Amino acid sequence: MAGKILRSLALLLLAGMAACHDGRPSGDALIAVATNFREAAMRLEADFEAESGYEISLAAGATGQLYAQIQNGAPYDVMLSADRRRPQMLVEDGLAGADSLFTYATGKLVLWSADEALLSGVSGEAVLRSGAFRRLAIANPDLAPYGTAAMEVLTGLGLSDALAGKLVRGQTVGQAFAMVSSGNAELGLVALSQTVQLADNAGGSFWQVPSDLYSPIRQDAVLLERASSNEAARAFLAYLRSEKGRATIAQFGYETD
């Protein structure tokens, strides 16, 4: 019963958002952003608005959740996904334009601890193999590409069964990061971009996971069909591909080539 009520409330919220969106000036755009990219998107938003005069709004969530919301009529104009699959599926569903599809960033996975000593001067693989920790946080692999990548790492190392009882899952990679930051988990397989933001603020310790242990986390952007004539949305996507936009994205620990 509670689940049905929550689903009904969610649909009502989306309907309300759609009504508000349809009444917005044509210069506005609503951007769906994968959680791992939220901080970078906030910086891009501020710079873009200052330079262009357009106004955009961000809505962050797990990629799988954002995709489902779009399918259910959420009033997003652009999707900044954490994978390539969902934007391509939106194109196949007729909900997004194929000519707008491009990779705006490639993410990297790290094993992170809020404890500055835990991963300092040691191999993260050795720490994982030791099992000398209570909990390892990851994002939900059914919803978040960083969770899928985390499970690929554990499987590739032959540790998925051994560590199954220690795994705790957040709906997003942001929630997985918060579990480690709060001390509810000693370790987390999270986005490098999240640790970059802590570099000047007692950022704990981390081990950058070798890229051959997981599939490339290519993050695609796409313009939704409902926004095909939205100038602000198109301008923001162009800004992501600009030299300045790419430089900002790289500052947050992503590859842009």
Side-chain angles (χ1 to χ4, degrees), residues 32-38 60-69 79-90 103-115 118-119 122-196 204-220 252-255:
V33 182
T35 300
N36 74 90
F37 197 70
R38 183 174 62 88
T63 289
Q65 291 174 326
L66 295 174
Y67 171 74
Q69 290 170 4
M79 183 183 189
L80 301 185
S81 178
D83 67 1
R84 306 183 77 182
R85 184 167 65 91
R86 265 72 166 222
Q88 181 60 47
M89 289 169 65
L90 290 174
T103 299
Y104 66 91
T106 300
K108 301 175 184 179
L109 194 69
V110 297
L111 180 67
W112 178 68
S113 173
D115 183 340
L118 187 55
L119 293 169
V122 298
S123 164
E125 179 179 344
V127 173
L128 289 174
R129 290 192 182 282
S130 75
F133 50 89
R134 293 178 300 111
R135 296 187 181 92
L136 170 65
I138 67 170
N140 185 337
D142 294 329
L143 295 174
Y146 281 83
T148 302
M151 287 307 302
E152 287 180 354
V153 171
L154 297 179
T155 300
L157 294 175
L159 295 173
S160 56
D161 291 336
L163 296 180
K166 295 179 181 288
L167 293 182
V168 289
R169 293 175 172 83
Q171 290 292 90
T172 67
V173 73
Q175 289 182 9
F177 185 86
M179 289 178 185
V180 184
S181 181
S182 66
N184 289 320
E186 297 99 314
L187 294 165
L189 284 164
V190 299
L192 172 63
S193 59
Q194 294 169 300
T195 67
V196 167
S205 54
F206 72 88
W207 171 64
Q208 187 163 327
V209 179
S211 59
D212 60 355
L213 287 177
Y214 60 96
S215 303
I217 308 175
R218 295 192 177 95
Q219 305 192 190
D220 277 11
F252 282 82
Y254 296 96
E255 293 181 357

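Please read all numbers here as calculations on a predicted model, not as lab measurements.
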Visitor: Compare every heavy atom of L136 with every heavy atom of L189, then report the nearest pair and how far apart it is.
Guide: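 Looking at all heavy atoms of both residues, the closest pair is N-CD1, 4.1 Å.
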Visitor: After noting the C-alpha distance and the side-chain angles of L154 and L167, does the key distance pass the side-chain contact (heavy atoms from CB on, under 4.5 Å) rule?
Guide: CA-CA 11 Å; L154 297 179; L167 293 182; 3.9 Å; yes
Visitor: Could you check whether any side-chain N or O of Q171 sits under 3.5 Å from a backbone N or O of L143, counting only pairs where one atom can act as donor and the other as acceptor?
Guide: no
Visitor: Side chains of S182 and N184 only: does a donor on one sit below 3.5 Å from an acceptor on the other?
Guide: yes
Visitor: Decide yes or no for L128 and E125: does some side-chain heavy atom of the first lie under 4.5 Å from some side-chain heavy atom of the second?
Guide: no
Visitor: Determine the minimum heavy-atom distance between A176 and A139, stating which atoms define it.
Guide: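 It is CB-N, 3.8 Å.
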Visitor: Measure the OG1-CD distance between T35 and Q194 for me, rounded to the nearest 0.5 Å.
Guide: 8.5 Å
Visitor: Could you pull out the closest heavy-atom pair between T63 and S81, with the gap in Å?
Guide: CG2-OG, 3.2 Å
Visitor: Relative to each other, are the rings of F37 and Y104 parallel, tilted or perpendicular (30° and 60° limits)?
Guide: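 Aromatic pair F37/Y104 classed perpendicular.
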Visitor: What's the shortest heavy-atom distance between G107 and Y254, and which atoms?
Guide: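 Minimum heavy-atom contact is CA-CD2, 3.7 Å.
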Visitor: Taking everything shown except D161 itself, do over 12 heavy atoms lie less than 6.0 Å from its CG?
Guide: no
Visitor: Donor-acceptor pair, K108 side chain versus G253 backbone, under 3.5 Å?
Guide: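 Looks like no, no N/O pair under 3.5 Å.
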Visitor: Please name the pair of heavy atoms, one in P141 and one in R169, separated by the smallest distance, quoted to 0.1 Å.
Guide: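 Closest pair (atom of P141, atom of R169, distance): CD-NE, 3.9 Å.
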